[in-house]
Amino acid sequence: MTNHLFSLVRDGVPDPAKTVIETPEGRRYTYADLIARSGAYAAALQAAGVQPGDRVAVQVEKSPEVIFLYLGVVRAGAAFLPLNTAYTPAEIGYFLGDAEPTIFVCDPGKREALAQAASGIRAIWTLDAAGTGSAAEAADRQVGDVTDVPRGPEDLAAILYTSGTTGRSKGAMLTHDNLASNARTLVDVWRFTEDDVLIHALPVFHTHGLFVATNTVLASGGTMLFLPRLDPKLILSLMGRATALMGVPTFYTRLLKEPGLTQEAARGMRLFVSGSAPLLAETHREWQARTGHAILERYGMTETNMSTSNPYAGDRVAGTVGFPLPGVSLRVVDPETGAALGPDAVGMIEVKGPNVFKGYWRMPEKTEAEFQPDGFFITGDLGKVDTRGYVHIVGRGKDLIISGGFNVYPKEVETEIDALPGVVESAVIGLAHPDFGEAVTAVVVGGMNAPDEAGVLAALEGRLARFKCPKRVLFVDELPRNTMGKVQKNLLREAHAGLYRA
Ligand code: AMP
């Protein structure tokens with residue numbers, strides 16, 4: 001048996017002397033370097049006692065070395081467990097206690113603060129943004145070739161904790177084939193080849209930057225320009241030598257603020273992909289007008305990898321996430337009865353396929369509760385499939401507002417508000433209300449000439465049924481977002497919880 005996921009990388013290697021990762025400072029790594037360096041990490045982990053099936057937890061700044069470490073963990077037969085760099089020591093304490101990794105790799109600057117959180121761990125290694133630290137030194141010490149630990153399609157390759165806006169974070173267990181099959185599919189449907197050069201400016205602790213972006217490029221034998229973070233000017237300056245960009249919607253709104261973003265600047269690019277949060281239809285249109293490219297929006301989540309994508313050839317429809325990927329089954333069901341719904345009816349999105357994770361780490365009841373008996377995973381996202389087969393995401397089920405007994409889908413109200421002249425964007429939430437149970441409440445970011453509360457309410461009258469119209473409209477300078485660009489509605493609900501209290 002081979003190492004199922006790493007074979008995908010090995011088999012994709014074009015010329016070993018070809019560059020796989022390049023940094024803005026001009027550091028270049030070839031595919032031969034990637035094989036050698038990930039092998040050195042695998043050997044170092046084994047020498048430190050990491051056994052197949054163990055977990056290796058990692059909270060470090062982005063650098064090419066993290067990718068070599070990730071592949072080293074996979075080659076050692078262990079599960080890679082990346083953690084958001086924003087997590088505090090107390091949060092890290094929870095993850096380490098839950099996952100019980102054999103080794104924890106952290107930033108040298110945080111080692112002391114994390115000592116308590118990591119007290120039960122066999123070894124703590126360090127790795128900084130420059131790719132140096134005791135982890136890198138342990139890899140430096142290895143000589144000779146490592147034999148990849150054989151791993152089958154069903155074996156664990158990674159655990160990614162979900163962001164957990166309600167309740168405790170859950171560790172999504174991803175198998176070798178979840179990751180390998182999804183990468184293969186994305187190479188096919190997005191037509192990646194070894195000629196591709198991807199601008200990689202996403203974090204590598206999240207499924208988007210680690211798997212969607214990195215695995216897809218590695219499986220195609222392409223190259224990544226590895227940026228530490230979103231830097232619109234730098235991205236713009238690299239477009240001349242790149243072919244593709246993958247980003248969250250914030251990438252596109254920020255790039256649109258750059259006067260240098262023109263058809264000419266994007267001439268050599270063939271693909272712009274957006275996901276992880278909804279892309280405003282307006283951003284899609286503006287991007288097309290400025291660059292001549294239609295952004296390709298796709299949908300996925302930590303637990304399912306990618307599930308749908310707008311077509312490479314064919315209509316990329318703004319405000320939709322396209323069609324289920326080959327091999328993925330997607331259905332929309334009535335959340336109460338579980339009955340399958342027809343075209344255009346909004347309900348719970350469920351997916352099944354080789355992309356769907358194995359379950360939540362050490363939470364068998366949660367796992368059971370979120371899978372249907374026929375194997376479909378209940379995503380928690382509400383949406384619909386239109387008559388042309390395009391999937392639309394309406395929002396998270398937990399963001400659904402029930403006001404006076406009626407269901408209100410925030411997206412529908414947000415779309416109307418966002419279309420008003422002077423409005424930049426909005427978030428619609430439900431807040432406790434003595435009469436209605438929940439009251440529809442709009443939080444609006446206004447630009448120049450934005451309407452006031454009365455103006456927004458007057459504009460919505462006649463456009464939305466009365467029960468969908470906000471009871472109040474609040475104005476803010478910006479919406480709270482997490483690192484992946486998702487609006488944190490839970491924070492808005494907490495901040496305004498008492499708005500309708502007598
Ligand atoms: P995460 O597990 O952090 O990747 O978050 C997954 C969630 O992000 C999904 O369940 C959706 O609610 C949301 N999401 C991802 N892609 C999109 C998209 N293209 N449009 C709207 N929501 C999205």
Side-chain angles (χ1 to χ4, degrees), residues 82-84 86-87 158-166 169-174 178-179 182 186 190 202-213 215 246-253 272-284 287 294-311 316-325 328 330 332 346 348-351 355-357 360 370 377-385 390-400 409-412 414-415 418 425 427 481-490:
L83 293 162
N84 192 321
Y87 286 144
I159 297 179
L160 263 61
Y161 278 85
T162 59
S163 40
T165 45
T166 50
S169 259
K170 306 182 284 281
M173 298 191 287
L174 296 155
N178 289 152
L179 304 179
N182 213 233
L186 296 179
W190 294 343
L202 291 159
V204 288
F205 51 71
H206 185 268
T207 184
H208 196 166
L210 184 60
F211 301 141
V212 187
N215 286 351
M246 292 187 199
V248 299
T250 317
F251 278 40
Y252 296 100
T253 51
F272 293 96
V273 179
S274 176
S276 287
L279 183 78
L280 293 177
E282 190 183 325
T283 310
H284 192 279
W287 191 268
I295 297 174
L296 183 154
E297 186 169 5
R298 92 303 179 276
Y299 158 70
M301 60 196 300
T302 302
E303 289 94 326
T304 64
N305 299 284
M306 294 306 100
S307 293
T308 77
S309 172
N310 266 280
R316 299 179 191 168
V317 179
T320 81
V321 294
F323 307 113
L325 290 168
V328 176
L330 180 146
V332 175
V346 173
M348 179 58 70
I349 296 179
E350 299 185 344
V351 294
N355 55 316
V356 177
F357 77 136
Y360 293 113
E370 296 191 26
F377 172 63
I378 307 166
T379 63
D381 287 316
L382 296 171
K384 65 176 187 181
V385 180
Y390 284 84
V391 177
H392 300 237
I393 309 291
V394 170
R396 295 292 298 164
K398 63 182 193 305
D399 292 330
L400 174 74
Y409 300 108
K411 172 94 180 278
E412 190 186 353
E414 288 159 4
T415 305
D418 293 349
E425 59 175 345
R481 285 198 148 82
N482 71 9
T483 34
M484 298 310 293
K486 287 188 225 293
V487 175
Q488 293 171 296
K489 289 194 170 178
N490 55 319

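The first residue of the sequence shown is numbered 1, and numbering continues consecutively from there. We count ligands from 1, going down the list as the structure has it; atoms in each ligand are counted the same way.
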For Glu370, does the CD atom have more than 12 heavy-atom neighbours from other residues, nucleotides or ligands under 6.0 Å away? yes
Considering Met301, Lys411, His208, His392 one by one, which has a heavy atom nearer to atom 6 (C) of ligand 1 than any of the others? Met301
Could you name the option among Lys486, Arg298, Met306 that has the heavy atom nearest to atom 8 (O) of ligand 1? Lys486
Below 4.0 angstrom from a heavy atom of His206, which ligand 1 atoms are there? Numbered from 1 as shown, please. 1 (P), 3 (O), 4 (O)
Which ligand 1 atoms are under 4.0 Å away from a heavy-atom of Glu297? 18 (C), 19 (N), 20 (N)
Side chain, backbone, both or neither: which applies to [X] and ligand 1 if a contact is any heavy-atom pair less than 4.0 Å apart?
X      : result
Met484 : neither
Asp381 : side chain
Ala277 : backbone
Ser276 : backbone

Any heavy atom of Gly300 closer to ligand 1 than 4.0 angstrom? yes
Would you say Thr379 touches ligand 1, if touching means a heavy atom closer than 4.0 Å? no
Return the minimal non-hydrogen interatomic distance between [X] and [Y], and the atom names on each side.
X      : Y      : value
Val212 : Arg298 : CG2-NH2, 4.2 Å
Met306 : Val328 : O-CG2, 4.5 Å
Asn310 : Thr320 : ND2-O, 3.0 Å
Val248 : His208 : CG1-ND1, 3.9 Å
Leu330 : Pro324 : CB-CG, 3.9 Å

Which class fits the ring pair Tyr252 and Phe272: parallel under 30°, tilted 30 to 60°, perpendicular over 60°? perpendicular
Parallel, tilted or perpendicular, as decided by the 30° and 60° cut-offs, for the rings of Phe357 and Tyr360: perpendicular
Flag Thr302 as yes when one of its N or O atoms lies below 3.5 Å from any N or O atom of ligand 1, and as no otherwise. yes
If we only count N/O pairs under 3.5 Å, is Thr207 in contact with ligand 1? no
